[in-house]
Amino acid sequence: MKAGIYLLWIVSAVATAVAGCGESVVETPVAEEVYVPVAPEYSDGLMWTVRLNDSDGQGADVFYIPSTWEYDWTTDDGRVSHWADPSLQAHRDDMAIEINGVADYMADGNNFYSPFYRHITLDSWATLNEDTINRRYNDVAYIDVKNAFDHYLSNCNQGRPFILAGFSQGGKSVVELLKTIDEDTRKRMIAAYVMGYKVTPEDVATHPYIEAARDSTDTGVVICYNSVSALRYVKPVVSEPNVMCINPVNWRTDATPAVLDDTITVTLAPEAKVLVVEGFDGSYLPNILDILNVGDYHGAEPWLYSECLRKNFRQRISTYRRH
């Protein structure tokens, strides 16, 4: 979709008195002008964060898709946008905070590629309407993700084994990419990490090769998890319905507790497919529109388990290369 006006039709109810019949409602559509930023050109190095750290050829590539950073914003001519604009330095700077943070452990001994893209806004997620979320995502954000991944495969990968990873909206993007890659490409995929998002029954029913990880070393599988302080804080918009979860501390898929950093206990709740975390102070996490970081630990997903993930990348890469 090109930059410009995206028309959202809002139905306004106009009550009209009808003699002897009370009131009837006449629906009048009103057009709202919404701005869609220009699609990124992924041949432009400005649209990427790249770290080439596989100096001995024993590592792998990592393709990482960041999460959601922007709220709805307004252009100078008064149009609202529901998408980040990678042409804006401020929006790239926001995404780069996360990208550079995860690169500190994901790019350890690996070649790391992460694109800036027109992700849907936090306000889009706050609608809690999955039709709205999916429409905005599929019409704009996913087009960028797919174009970036195709560019990476054609111009950067050179037949190397790779890891897919993403957090939140980036995790959603990992799931969607898994549905499109061909069998030859899947053979080179070491694993896919879906952090802070879900894999639904429909996802696996229509794409049965999307398989859950069962331990710390299996390959070609999906590592998926969401973290909450208690089951009542499970957030459907990111974590329900979900068919897979693994504990990234002990790499178990049952309810065996694991201790992280001596003071935090992480226990997988098999019935809900989420992680229940005790002993972690998540009060520093910002409340996101009263939807996320409220009883859940969404904002901590890439960071809380970072050393576990660093080690696990090495384990799965080593396993893949031995076979």
Side-chain angles (χ1 to χ4, degrees), residues 1-6 8 32-51 62-107 112-127 132-133 135-149 151-152 165-174 195-197 237-238 284-293 298-303 306:
M1 179 179 295
K2 296 180 179 178
I5 298 173
Y6 188 87
L8 298 182
E32 177 190 14
E33 294 184 0
V34 177
Y35 178 71
V36 181
V38 174
E41 291 287 346
Y42 288 109
S43 57
D44 182 355
L46 198 64
M47 292 297 107
W48 293 90
T49 295
V50 177
R51 296 192 186 181
V62 178
F63 186 89
Y64 180 79
I65 309 156
S67 64
T68 312
W69 281 84
E70 304 307 321
Y71 292 89
D72 281 358
W73 56 284
T74 305
T75 62
D76 291 341
D77 60 1
R79 288 178 289 169
V80 67
S81 183
H82 303 304
W83 301 272
D85 186 349
S87 73
L88 299 178
Q89 182 70 52
H91 288 195
R92 295 199 306 276
D93 287 347
D94 286 341
M95 284 182 268
I97 295 170
E98 175 186 336
I99 292 169
N100 289 329
V102 299
D104 285 346
Y105 64 91
M106 290 188 183
F112 178 91
Y113 303 86
S114 184
F116 299 113
Y117 70 112
R118 294 174 296 173
H119 62 254
I120 63 172
T121 57
L122 292 164
D123 298 86
S124 297
W125 289 102
T127 66
T132 297
I133 291 167
R135 173 172 49 80
R136 292 178 183 174
Y137 173 82
N138 290 328
D139 286 354
V140 179
Y142 181 66
I143 291 174
D144 289 358
V145 170
K146 185 65 166 61
N147 286 341
F149 187 62
H151 178 88
Y152 155 75
F167 164 48
S168 193
Q169 185 170 171
K172 176 179 177 65
S173 297
V174 169
M195 303 181 292
Y197 199 68
V237 71
V238 293
Y284 71 94
L285 298 170
N287 179 321
I288 300 177
L289 298 175
D290 288 328
I291 303 299
L292 296 172
N293 295 336
H298 186 74
E301 304 290 23
W303 322 112
S306 59

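A side-chain hydrogen bond (donor to acceptor under 3.5 Å, both in side chains) with Thr68 holds for exactly one of Glu98, His119, Lys172, Gln169; it is Gln169.
Atom CG of Leu122 and atom CH2 of Trp69 lie 9.5 Å apart (nearest 0.5 Å). To the nearest 0.5 angstrom, Met106 atom CE is 11.0 Å from Ile99 atom CD1. Tyr71 OH to Asp123 CG: the interatomic distance, rounded to the nearest 0.5 Å, is 7.5 Å. Of the inter-residue distances, the one linking Ser87 atom OG with Arg92 atom CZ reads 7.5 Å to the nearest 0.5 angstrom. To the nearest 0.5 Å, atoms CG (Leu292) and OG (Ser67) are separated by 10.0 Å. With rounding to the nearest 0.5 Å, the separation of CD1 in Ile65 from CG in Asp144 is 11.5 Å.
For Glu41, the CD atom counts as loosely surrounded, since its 6.0 Å shell holds 12 or fewer non-hydrogen atoms of other residues, nucleotides or ligands.
Tyr152 meets the side-chain hydrogen bond (donor to acceptor under 3.5 Å, both in side chains) test with Asp61, Asn157; sequence neighbours excluded. Every residue two or more places apart in sequence or in another chain was checked for a side-chain hydrogen bond (donor to acceptor under 3.5 Å, both in side chains) with Tyr197, and none qualifies. For Ala300, the side-chain contact (heavy atoms from CB on, under 4.5 Å) test picks out Phe280, Tyr284, Leu285, Tyr297, Leu304, with sequence neighbours left out. The side-chain hydrogen bond (donor to acceptor under 3.5 Å, both in side chains) test applied to Thr132 returns no partner, not counting sequence neighbours. For Tyr42, the ring-ring contact (aromatic ring centres under 6.0 Å, His included) partners at least two apart in sequence or on another chain are Trp48. Residues passing the ring-ring contact (aromatic ring centres under 6.0 Å, His included) test with Phe167, sequence neighbours excluded: His298. In this structure Thr74 satisfies the side-chain contact (heavy atoms from CB on, under 4.5 Å) test with no other residue, sequence neighbours excluded. Under the side-chain contact (heavy atoms from CB on, under 4.5 Å) criterion, Ser81 pairs with Tyr35, Pro37, Trp73, Trp83, not counting sequence neighbours. Not counting sequence neighbours, the partners of Arg51 by the salt bridge (charged side-chain N to carboxylate O under 4.0 Å, His left out) test are Asp104. For Asp290, there are no salt bridge (charged side-chain N to carboxylate O under 4.0 Å, His left out) partners two or more places apart in sequence or in a different chain. Partners of Ser114 by side-chain hydrogen bond (donor to acceptor under 3.5 Å, both in side chains), not counting sequence neighbours: none found.
At distances below 3.5 Å, at least one donor-acceptor pair connects side-chain atoms of Asn293 with backbone N or O atoms of Pro286. In this structure, the side chain of Tyr117 engages the main chain of Pro66 through a donor-acceptor pair within 3.5 Å.
Contact detail for Gly166 and Tyr64: the closest heavy-atom pair is CA-CE1, 3.8 Å. The minimum heavy-atom distance linking Pro302 with Gly299 is given by the pair CD-O, 4.0 Å.
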Could you check Ile133 against Val237 for side chain to side chain contact (heavy atoms under 4.5 Å, CB included), going step by step and ending with a plain yes or no? CA-CA 9 Å; Ile133 291 167; Val237 71; 3.7 Å; yes
So Thr49 and Phe116, side chain to side chain contact (heavy atoms under 4.5 Å, CB included) or not? Walk me through it. CA-CA 8 Å; Thr49 295; Phe116 299 113; 3.6 Å; yes
Could you go through Trp125 and Ile291, starting from their C-alpha distance and side-chain angles, then the distance that decides it, and tell me whether this counts as side chain to side chain contact (heavy atoms under 4.5 Å, CB included)? CA-CA 9 Å; Trp125 289 102; Ile291 303 299; 6.0 Å; no
Starting from the C-alpha separation in whole Å, work towards a yes-or-no answer on side chain to side chain contact (heavy atoms under 4.5 Å, CB included) for His82 and Ile120. CA-CA 6 Å; His82 303 304; Ile120 63 172; 5.9 Å; no
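For residues 68-78, the pairs satisfying salt bridge (Lys or Arg N to Asp or Glu O under 4.0 Å) are Asp77-Arg79, with sequence neighbours left out.
Inter-residue side-chain proximity for Phe149 and Pro115 is flagged as unmet; no heavy-atom pair is nearer than 4.5 Å.
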